[in-house]
Amino acid sequence: MRTPDEIHNDAAARALTLRWPAGETQRVAHARLRAACPCAACRRIRLAGAALTAAPNITLAAIEPMGYGVQLAFSDGHARGIYPWSYLEALGHDEADGDARHTA
Ligand SMILES: [Zn+2]
């Protein structure tokens, strides 16, 4: 499993930035991280077929290192999700999603 060299919470852009050993930078929007929360409760919601939606203005409040990944706490008070590095990597890159909201 790959481990990022650097992880950074870009509060202004509402994105989590990960720098991988090969040098590439991955950005994942806070709202998408929240919607992809891997905790048991959120998993159950998704398994039931419901989309887990996050408020577009949600922000990442805290990053807790867990060795094999990070535990992320969000501004809605939800802090149960532990995101392994491989899971974060699989979320892909958000910058090219055509989201122009942060460019103003
Ligand atoms: Zn969750």
Side-chain angles (χ1 to χ4, degrees):
M1 182 166 55
R2 295 209 300 162
T3 302
D5 289 334
E6 207 177 289
I7 180 165
H8 171 68
N9 182 6
D10 188 341
R14 292 197 186 120
L16 183 71
T17 301
L18 300 105
R19 204 160 52 78
W20 294 95
E24 76 271 38
T25 301
Q26 178 191 9
R27 289 165 68 82
V28 188
H30 290 172
R32 210 154 70 76
L33 284 169
R34 176 63 183 88
C37 178
C39 84
C42 294
R43 236 186 254 273
R44 257 199 307 278
I45 293 172
R46 285 195 298 268
L47 280 175
L52 189 65
T53 53
N57 64 343
I58 199 158
T59 56
L60 178 60
I63 301 172
E64 191 72 39
M66 298 297 289
Y68 62 95
V70 281
Q71 183 165 9
L72 301 181
F74 293 92
S75 57
D76 64 352
H78 195 73
R80 297 178 63 180
I82 296 171
Y83 297 64
W85 299 129
S86 57
Y87 186 75
L88 284 169
E89 192 174 10
L91 286 177
H93 193 64
D94 265 342
E95 214 160 32
D97 286 358
D99 184 351
R101 278 175 304 170
H102 305 313
T103 57

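Hydrogens, waters and symmetry mates play no part in the numbers below; they use all other heavy atoms, side chains included.
Across Ser75 and Ala61, no two heavy atoms sit closer than the pair N-CB, 4.3 Å. The minimum heavy-atom distance between Ala79 and Ala73, with the atom names listed, is CB-CB, 3.6 Å. Pairing each heavy atom of Ala36 with each of Leu91, the nearest pair is CB-CD2, 3.8 Å. Closest approach of Arg32 and Gly92 over heavy atoms only: NH2-O, 3.9 Å. What you find for His30 and Thr59 is that their closest heavy atoms are ND1-CA, 3.5 Å.
Taking 4.5 Å as the limit, every side-chain heavy atom of Pro4 sits out of range of all side-chain heavy atoms of Glu89. Between Cys37 and Arg80, the closest side-chain pair of non-hydrogen atoms is not below 4.5 Å. Using a 4.5 Å heavy-atom cutoff, the side chains of Cys39 and His78 are in contact.
When hydrophobic clusters are built by joining Ile, Leu, Val, Met, Phe, Trp and Tyr residues whose side-chain heavy atoms come closer than 4.5 Å, directly or via intermediates, Val28 is not grouped with Leu52. The hydrophobic cluster containing Ile82 does not contain Ile45, counting ILVMFWY residues as joined when their side-chain heavy atoms lie under 4.5 angstrom apart, directly or transitively. Note: the hydrophobic cluster containing Met66 also contains Trp20 (ILVMFWY, side chain heavy atoms under 4.5 Å, direct or indirect links).
Annotation: Arg46, atom CZ; neighbour count of heavy atoms from other residues, nucleotides and ligands within 6.0 Å is above 12.
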